[in-house]
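No hydrogens, no waters, no symmetry mates; every other heavy atom, side chains included, goes into these values. Along the sequence shown, residues carry numbers from 1.
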Amino acid sequence: MTHRSAPRPADLGDIDQTKLTRCIEECIACAQACTACADACLSEGMVGDLAKCIRTDMDCADICTATAAVLSRHTGYDANITAAILKACAMVCKACADECGQHADMHEHCRVCAEACRSCEQACNELLGALA
């Protein structure tokens, strides 16, 4: 993946650009993994047993997508909004990783999803720490 330097407005503050970029990328990757996991869960024979996993996957995908979008906008940057969405994203990623982790030994898609969620949770927490 080739990264282009995007123009950065003066009001962006002292955000660690490396952590910001990693967090956006992890959010996008996590949203994709969660969407794929939910879809794969729907094709499993015991889909009823995976209802909580599917819902958690869908919630996580939506919040990760929203977080990536908010982090990608720099004009009029608001540290309070950024911190709130990073906390929410880390929380839903932890919940999704925990849920998918319960099925990881039976379903490869849940194992992959749990790993993506844990990586995204870590990236969100690292960026959150850098905002302080």
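Considering only heavy atoms from C-beta on, Thr82 comes within 4.5 Å of Leu86 through its side chain. Put simply, the side chain of Asp57 does not reach to within 4.5 Å of the side chain of Thr35, judged on heavy atoms. Between His109 and Cys41, the closest side-chain pair of non-hydrogen atoms falls below 4.5 Å. Side-chain contact between Asp59 and Cys96 is absent, with no heavy-atom pair separated by less than 4.5 Å.
Remark: the backbone N or O of Ala61 is paired with a side-chain donor or acceptor of Thr65 at under 3.5 angstrom. Within the 3.5 Å criterion, the main-chain N or O of Ala40 finds a donor-acceptor partner in the side chain of Ser43.
Applying the salt bridge (charged side-chain N to carboxylate O under 4.0 Å, His left out) criterion to Lys94, with sequence neighbours excluded, gives Asp98.
Note on Leu128: it does not cluster hydrophobically with Ile85, by side-chain heavy-atom contacts below 4.5 Å among ILVMFWY residues. At a threshold of 4.5 Å between side-chain heavy atoms, the hydrophobic network of Ile, Leu, Val, Met, Phe, Trp and Tyr places Leu131 and Leu20 in one connected group.
Distance CD1/Ile81 to CZ/Arg73: 10.0 Å, rounded to 0.5 Å. In this structure, CE in Met106 is found 7.5 Å from CG in Leu50, a value given to the nearest 0.5 Å. One distance of note links CD1 of Ile54 with CD of Glu99; it measures 10.0 Å at 0.5 Å rounding.
The side-chain contact (heavy atoms from CB on, under 4.5 Å) test with Cys110 is passed by exactly one of Glu44, His103, Glu115: His103. With Cys117 as the fixed residue, the side-chain contact (heavy atoms from CB on, under 4.5 Å) test singles out one of Cys34, Cys64, Cys100, Cys37: Cys34.
With hydrogens and angles left out, the side-chain atoms of Glu26 and Ser119 include a donor and acceptor closer than 3.5 Å.
Closest approach of Asp78 to Asn80, counting heavy atoms only: OD1-N, 2.9 Å. The two residues Ser72 and Ile24 make their nearest non-hydrogen contact at OG-CD1, 3.8 Å. Closest approach of Asp16 to Leu127, counting heavy atoms only: O-CD1, 4.4 Å. The heavy-atom pair separating Leu42 from Val47 by the smallest distance is CA-CG2, 3.7 Å. Nearest approach of Glu121 to Ala90, heavy atoms of both residues: CG-O, 3.7 Å. Summarising the geometry of Ile28 relative to Ala68, their closest heavy-atom pair is CG1-CB, 3.9 Å, with the distance given to 0.1 Å.
In this structure, Arg22 pairs ionically with Glu126, as a charged nitrogen and a carboxylate oxygen lie closer than 4.0 Å. A salt bridge links Arg111 with Glu108: the closest approach of a Lys/Arg side-chain nitrogen to an acidic carboxylate oxygen falls below 4.0 angstrom.
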